[in-house]
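Take a look at the structure below.
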Amino acid sequence: MKKIYFVPISALFFPIIPPVLIYVLSWALYSDKGVVPYSLNRFLSLSVLAFSSSVSLFLGNYGTYLMLRKANKVVAPLMILLFCVPALLLGSFYLHAFLVFLALV
């Protein structure tokens, strides 16, 4: 497999990571064991959302750039549509959530 297909494929599989991070964070903050102090709630939640949005947007944009510049002209639109657009949409969703929680919480 060519190296240029690694970024769009990772853009496809990265959206699995943020819900897992949010679940682990909520378990660590709100469990009976008290793994993480409650005072870090806002900082860690905003950090996870900022990390998720920046990585998703980077992978989506860079994958689209690679597909437009170096991929086969028949394969590129399909890979952009199936691999990069979901990463861009989720990245914008996480960015919106980050900005809302930054302003309201």
Side-chain angles (χ1 to χ4, degrees):
M1 183 169 50
K2 291 184 178 182
K3 292 181 184 179
I4 61 168
Y5 297 127
F6 176 74
V7 174
I9 291 173
S10 62
L12 177 67
F13 289 115
F14 180 75
I16 298 169
I17 295 173
V20 171
L21 285 176
I22 292 171
Y23 175 77
V24 169
L25 180 64
S26 66
W27 176 84
L29 286 170
Y30 302 115
S31 68
D32 294 334
K33 298 173 185 162
V35 179
V36 177
Y38 187 72
S39 61
L40 293 175
N41 182 6
R42 178 179 166 85
F43 174 73
L44 292 176
S45 299
L46 289 174
S47 298
V48 166
L49 288 173
F51 170 75
S52 301
S53 67
S54 61
V55 171
S56 290
L57 289 173
F58 173 75
L59 288 174
N61 285 326
Y62 191 58
T64 302
Y65 170 76
L66 285 177
M67 291 298 103
L68 289 174
R69 294 289 295 172
K70 298 180 180 181
N72 186 356
K73 300 302 179 202
V74 176
V75 176
L78 183 64
M79 290 206 48
I80 290 172
L81 185 64
L82 295 178
F83 289 59
C84 299
V85 170
L88 291 170
L89 291 175
L90 283 173
S92 62
F93 169 74
Y94 291 131
L95 180 63
H96 176 73
F98 171 73
L99 293 174
V100 166
F101 289 139
L102 187 65
L104 294 179
V105 177

**OP:** Would you please test Phe83 and Val7 for side chain to side chain contact (heavy atoms under 4.5 Å, CB included) and show each step?
**Re:** CA-CA 9 Å; Phe83 289 59; Val7 174; over 6 Å; no

Nearest heavy-atom pair of [X] and [Y]: which atoms, and what distance?
| X | Y | result |
| --- | --- | --- |
| Tyr94 | Pro18 | OH-CB, 3.4 Å |
| Pro8 | Met67 | CG-CE, 3.6 Å |
| Cys84 | Thr64 | CB-OG1, 3.4 Å |
| Pro15 | Pro19 | O-CD, 3.2 Å |
| Leu40 | Val36 | CD1-CG1, 4.0 Å |
| Ala87 | Ala11 | CB-O, 3.5 Å |

Quick one: pull up [atom1] in [X] and [atom2] in [Y] and give me the separation to the nearest 0.5 Å.
| X | Y | atom1 | atom2 | answer |
| --- | --- | --- | --- | --- |
| Phe93 | Ser52 | CZ | OG | 10.5 Å |
| Ser26 | Tyr30 | OG | OH | 8.0 Å |
| Leu21 | Leu49 | CG | CG | 10.0 Å |
| Leu95 | Leu90 | CG | CG | 12.5 Å |
| Asn61 | Leu66 | CG | CG | 11.0 Å |
| Tyr62 | Arg69 | OH | CZ | 11.0 Å |

**OP:** Determine, step by step, whether Leu82 and Leu12 satisfy the side chain to side chain contact (heavy atoms under 4.5 Å, CB included) criterion, reporting the C-alpha distance in whole Å, the side-chain angles of both residues, the deciding distance to 0.1 Å, and the verdict.
**Re:** CA-CA 8 Å; Leu82 295 178; Leu12 177 67; over 6 Å; no

Hydrophobic cluster membership, [X] vs [Y], 4.5 Å side-chain cutoff:
| X | Y | value |
| --- | --- | --- |
| Tyr38 | Val48 | yes |
| Tyr23 | Leu29 | no |
| Phe98 | Val24 | no |
| Val55 | Val20 | no |

**OP:** Using the side chain to side chain contact (heavy atoms under 4.5 Å, CB included) rule, take Leu25 and Asn41 through it: C-alpha gap first, then chi angles, then the decisive distance, then the call.
**Re:** CA-CA 9 Å; Leu25 180 64; Asn41 182 6; 5.8 Å; no

Subject >> Side chain Ser56, main chain Ser53, donor-acceptor under 3.5 Å >> reply: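 No; judged by distance alone, with no hydrogens or angles, the pair does not exist.
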
Subject >> Check: Ser54 side chain, Phe51 main-chain N or O, donor-acceptor pair, under 3.5 Å >> reply: yes

**OP:** Measure the shortest side-chain to side-chain distance between Arg42 and Phe101 over non-hydrogen atoms and say whether it is less than 4.5 angstrom.
**Re:** no

Subject >> Chi angles and distances behind the side chain to side chain contact (heavy atoms under 4.5 Å, CB included) call for Ile9, Phe13 >> reply: CA-CA 6 Å; Ile9 291 173; Phe13 289 115; 3.7 Å; yes

